[in-house]
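These numbers come from the heavy atoms of this one structure, side chains and all, not from hydrogens, waters or symmetry mates.
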Amino acid sequence: MADKRQTSHENADTRALEALGVTDVNAWFVREVLPLEALLMHYLRRQWPNQGEVEDLRQDVYVRVHEAGRRQIPSQTKPFVFRIAHDLLVDRIRREQIVPIEAIADFDELDIAIEAPSPDRTVIARDELRRLQAALDKLPPRAREAVVLGRIEGLSGREIAQRMGISPATASAHLTGGIHALADILHGENGTQDHKL
């Protein structure tokens, strides 16, 4: 008898929600998903390193759950919600290229070399850096500044011009001339030519 009363009470709740224009999905969401919020927040706080983003993650989970529920309401809500939360975190990790150390049990799964470079590789790299520094030192000051700002610091043409206090066209000319001169110095026949910019 109690089951009949509960069922009729649930039917009355559903009819009342439908009268207000609330669909079955919204009723399901309010009835079955929202009560999981405390568990969901606990899960997200434990799994995501940036605590300031947890509430946004919760909202993203809710959006995905609601959208999936519009296609088909699942028979088991709790595993459904937590699968979506897990998938969202995985997507976020991939997108932001964040790999929490706790998420990887075995470093071999990272597929990266964790050994130090061999001594000969270190010597070669240092030699290449010395050659690059010597080549940069041979450039005129404005060309050197434009190359360093554009190719080492990664500034745009406008930012280079602003930093150097010159027009974007002049900054572009300094950058282009500096790069060509560097290429000539590094890859030219004798590497000791004087370059005019």
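The minimum heavy-atom distance linking Val54 with Arg45 is given by the pair CG1-CG, 4.0 Å. The two residues Leu186 and Ala135 have their closest heavy-atom pair at CD2-CB, 3.8 Å. Of all the heavy atoms in Ile160 and Ala171, the pair that sits closest is CG2-CB, 3.9 Å. Across Ala143 and Gly178, no two heavy atoms sit closer than the pair CB-CA, 4.0 Å. The nearest pair of heavy atoms linking Leu40 to Ala85 is CD1-CB, 3.7 Å.
Note that the NE2 atom of His66 and the CD1 atom of Ile73 stand 9.0 Å from one another [nearest 0.5 Å]. Asp91 CG to His86 NE2: the interatomic distance, rounded to the nearest 0.5 Å, is 10.0 Å. Here the straight-line distance linking atom CZ of Phe82 with atom CG of Leu36 works out to 6.0 Å at 0.5 Å rounding. Rounding to the nearest 0.5 Å gives a distance of 12.0 Å between CG of Leu88 and CD of Gln47. Here the straight-line distance linking atom CD1 of Ile185 with atom CG of Leu132 works out to 10.0 Å at 0.5 Å rounding.
Hydrophobic clustering places Trp28 together with Leu34 (ILVMFWY residues linked when any side-chain heavy atoms are closer than 4.5 Å, directly or through intermediates). Residues Leu44 and Val90 fall into different hydrophobic clusters, defined by Ile, Leu, Val, Met, Phe, Trp and Tyr side chains chained together at heavy-atom separations under 4.5 Å. Residues Val63 and Phe29 do not share a hydrophobic cluster, clusters being chains of Ile/Leu/Val/Met/Phe/Trp/Tyr side chains in contact below 4.5 Å.
Each of Leu57, Val81, Val33, Ile84 was scored for a side-chain contact (heavy atoms from CB on, under 4.5 Å) with Tyr62, with one residue passing: Val33.
Residues Arg64 and Val61 have side chains not in contact (no heavy-atom distance under 4.5 Å, counting atoms from C-beta outward). Between His174 and Glu145, the closest side-chain pair of non-hydrogen atoms is not below 4.5 Å. Contact annotation: the side chain of Val147 never approaches that of Ile152 to less than 4.5 Å [non-hydrogen atoms, C-beta and beyond]. Put simply, the side chain of Thr170 does not reach to within 4.5 Å of the side chain of Arg142, judged on heavy atoms. Under the 4.5 Å side-chain criterion, counting only non-hydrogen atoms from C-beta, Leu149 is not in contact with Glu159.
The environment of CD in Glu153 is crowded: more than 12 heavy-atom neighbours from other residues, nucleotides or ligands sit within 6.0 Å. Annotation: Gln51, atom CD; neighbour count of heavy atoms from other residues, nucleotides and ligands within 6.0 Å is above 12. Counted within 6.0 Å of CD on Gln76, heavy atoms from surrounding residues, nucleotides or ligands total 12 or fewer; the atom is thus considered open. Heavy-atom contacts from other residues, nucleotides or ligands closer than 6.0 Å to CD of Glu55 number 12 or fewer.
Ion pair Arg83/Asp87 flagged as a salt bridge, since at least one NZ, NE, NH1 or NH2 atom sits closer than 4.0 Å to an Asp/Glu carboxylate oxygen.
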